[in-house]
Amino acid sequence: MDNKDNDFDVLIVGAGISGIGMAAHMEEMCPGKRYAILERRDNLGGTWDLFRYPGVRSDSDMHTLGFIFEPWRHEKSIADGPAILDYLHRIVDERGIRENIRFGMCVETADFDSASARWIVTVVTGEGERKRLTANWLYLGSGYYDYDEPYDPGFELGEFAGKVVHPQFWPEDLAYDGKNVVVIGSGATAVTIVPSMAKHAAKVTMLQRTPTWMFSRPARDGMANTLRKILPERVAYKITRWKNVLLQDVAFKRAQTRPEKVKDFLTKKMRENLGDKYDAAAFTPPYDPWDQRLCLVPDADLFEAIKSGKADVVTGRIARFAKDRVVLEDGREIPADILVTATGLKLAVAGKIAVSVDGEPVDFAQRFYYKGCMFSNLPNLAVVFGYLNASWTLRADLNAAYVCEVLNLMDEKGADIAVPALSQAEENALEEDDIFDFSSGYIQRSKAIMPRNAVSFPWRLNQDYRVDRKQMKRDPIDDGILHFKGVSHAPDDHAAPAPSSTARSPT
């Protein structure tokens, strides 16, 4: 390889929503920068390529899960996995991104060399070969969960003789027509799988230890579809996007300030949807709405499956697994030919990459977030961790635009390094905040590995998109906290950077 094949201005890890979003922003805002996307799988799409379980779909509307720069054109606002993949494929082809994706490359280590201002990145190919790439910037769009290992609740399957599958590793040839299926779990994945499998299975039972707050809405956004007919596409998309941002924000904040009112509202809607099939014990969680993420039920499909008798919800604790059934602690038995363990994800920080600076390992749990994007005293690195209370892509768009502006300012200054500086005295003066106060199991199990947060911006991963957007636009990039500096380079240290545009963010 010559230098141009292994040295870049920016290396992006992950060809899912976050990575593709960053590449698209670079194409528009930093067209002179050389970048590559490193994707460990053989296909793009990230989550939407990995998960292949029945009915896989978004649990956020596509006018906010879609990118700010690319209108969502489908009739359905709550989209299935294949439609989302089509959207991503169209973006990478229309914007010339595909040629910059390197598939089958798993990033193993990344060490920042301060003397040369380069990330030295070790990747492992699908054939087991190790290669070294270098870049000035590293952008981690690798998501927030472990692709290799889902959460294992430690079930002792005993004498169970049927098939056991996890949604993260769904077998293509799983036959369930006429079978009794037990889906263990009550989160978004279970709520999606149950009505889809119920179309063909004999009976699908959602077995939950704790009920989940659910809310039904149409999969089609009537306002969006009407606006597209009478307004230019981008104008209609922008209006719908902001309408949905506002509705999400109002609903979340009302759940925080008036939880009993929101409980009554959600309960009333579930009663209406289920009629005489409504069971308060199965649909009344012991926590307030949005203490865990609200489960979306598009077109009331789960409720319709329950009313038809093809699905039901059982609340209880598992005592043991018999040959062809699940036995609960209270003695009830649920027939089962197939078990689906929709028991949650296992979170991972930085895509499980061993990150270091000058050979010293980086412990992200000891770093403070900076503007929900970078980390204290960690140079030339950005990451995407989406909102817990809104669509992932809202954060991904903000972070990608911000990093592009940082890159352009570095060019103006002749700087090689940008680092959010936090002295020990300043760190000691910060008041910490627990932004991961959701009671969801996957959050609680992973708090020990999460980066730190202060009570106020910029040292936090804020959870309010509208506030974040204003602050990211209002606050200067050169804010006195983000420090810029240059380093001396030998003539052949790395490829000379191409001139870059100072185009502004599309956000």
Side-chain angles (χ1 to χ4, degrees), residues 57-61 63-65 77-78 183 185-192 194-195 205-224 240 242-309 311-317 342 344 387-391 434-444 463-467:
R57 66 193 178 201
S58 64
D59 67 347
S60 298
D61 72 279
H63 296 91
T64 56
L65 190 63
S77 177
I78 307 302
V183 179
S186 59
T189 302
V191 167
T192 298
V194 170
T205 300
M206 187 170 86
L207 174 57
Q208 60 183 16
R209 186 172 60 182
T210 306
T212 298
W213 286 113
M214 300 178 190
F215 176 65
S216 179
R217 56 159 286 185
R220 289 173 174 81
D221 188 318
M223 177 177 166
T240 305
W242 272 108
K243 180 261 293 184
N244 290 351
V245 165
L246 290 170
L247 287 177
Q248 288 172 3
D249 192 42
V250 168
F252 175 76
K253 288 175 178 172
R254 186 164 180 79
Q256 301 233 301
T257 58
R258 305 289 296 277
E260 293 304 321
K261 288 285 188 184
V262 175
K263 283 181 186 179
D264 291 345
F265 172 77
L266 294 174
T267 299
K268 178 184 176 183
K269 290 297 181 183
M270 286 190 284
R271 283 183 181 275
E272 290 174 357
N273 280 306
L274 284 163
D276 61 5
K277 294 287 187 178
Y278 176 77
D279 174 11
F283 294 99
T284 308
Y287 56 85
D288 290 340
W290 278 111
D291 281 358
Q292 296 184 20
R293 194 174 174 99
L294 212 62
C295 266
L296 177 64
V297 184
D299 294 330
D301 60 359
L302 173 65
F303 305 137
E304 291 300 320
I306 293 170
K307 286 197 296 186
S308 74
D312 62 3
V313 178
V314 173
T315 306
R317 290 180 175 270
Y387 291 102
L388 297 174
N389 56 9
S391 296
D434 178 13
I435 66 148
F436 300 108
D437 60 352
F438 277 40
S439 61
S440 302
Y442 72 100
I443 293 290
Q444 293 300 314
Q463 293 295 304
D464 190 323
Y465 170 70
R466 289 197 292 163
V467 169

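Counting from 1, the numbers follow the sequence of the chain as shown. In what follows, every heavy atom counts, from backbone to side chain, and hydrogens, waters and symmetry copies are set aside. The model shown is predicted, which means the values in this text are computed figures rather than measured ones.
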Query raised in the report: Aromatic rings Phe265 and Phe215: how do their planes relate, parallel, tilted or perpendicular, breaks at 30° and 60°?
Result: tilted

Any idea which heavy atoms bring [X] and [Y] closest together, and the distance?
X	Y	result
Pro211	Ala282	CB-O, 3.3 Å
Ser391	Ser60	OG-CB, 3.2 Å
Pro289	Lys263	CD-CG, 3.5 Å
Met270	Phe303	CG-CZ, 3.9 Å
Val191	Cys295	CG2-SG, 4.0 Å
Gly185	Ala190	O-CB, 3.3 Å

Report task. Check step by step if side-chain contact (heavy atoms from CB on, under 4.5 Å) holds for Phe252 and Gln463. Result -> CA-CA 11 Å; Phe252 175 76; Gln463 293 295 304; 5.9 Å; no

Calculate, to the nearest 0.5 Å, the distance between atoms [atom1] and [atom2] belonging to [X] and [Y] respectively.
X	Y	atom1	atom2	result
Ile306	Asn273	CD1	CG	10.0 Å
Thr284	Tyr278	OG1	OH	3.5 Å
Leu65	Asn244	CG	CG	11.5 Å
Leu296	Asp299	CG	CG	9.5 Å
Asp464	Asn389	CG	CG	7.5 Å
His63	Trp242	NE2	CH2	15.5 Å

Report task. Mark yes or no for whether Asp288, through its side chain, and Asp291, through its backbone, hold a donor-acceptor pair below 3.5 Å. Result ->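 Not confirmed, Asp288 side chain does not pair with Asp291 backbone.
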
Query raised in the report: Quick one: does Arg293's side chain have a donor or acceptor within less than 3.5 Å of a partner on Leu388's backbone?
Result: yes

Requested in this report: Identify, with sequence neighbours excluded, every residue that meets salt bridge (charged side-chain N to carboxylate O under 4.0 Å, His left out) alongside Lys243.
Outcome: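 Here the qualifying residues are Asp221.
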
Report task. Could you please spell out the steps behind the side-chain contact (heavy atoms from CB on, under 4.5 Å) verdict for Asp312 and Lys277? Result -> CA-CA 9 Å; Asp312 62 3; Lys277 294 287 187 178; over 6 Å; no

Requested in this report: Sequence neighbours left out, what pairs pass side-chain hydrogen bond (donor to acceptor under 3.5 Å, both in side chains) with at least one residue falling in residues 207-220?
Outcome: Glu75-Arg220, Ser186-Thr212, Gln208-Thr315

**Report entry** Criterion side-chain contact (heavy atoms from CB on, under 4.5 Å) on Leu266 and Leu294, from CA distance to verdict
**Finding:** CA-CA 10 Å; Leu266 294 174; Leu294 212 62; 3.8 Å; yes

Query raised in the report: In this structure, are over 12 heavy atoms from other groups packed under 6.0 Å from Lys307 atom NZ?
Result: yes

Query - Qualifying residue, where the test is side-chain contact (heavy atoms from CB on, under 4.5 Å) with Leu207 and the options are Val314, Val313, Val183 - result: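 Exactly one candidate clears the test, Val314.
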
Report task. Report the C-alpha distance between Phe283 and Leu274 in whole Å, list the side-chain angles of each, state the deciding distance to 0.1 Å, and finish with yes or no for side-chain contact (heavy atoms from CB on, under 4.5 Å). Result -> CA-CA 10 Å; Phe283 294 99; Leu274 284 163; 3.6 Å; yes

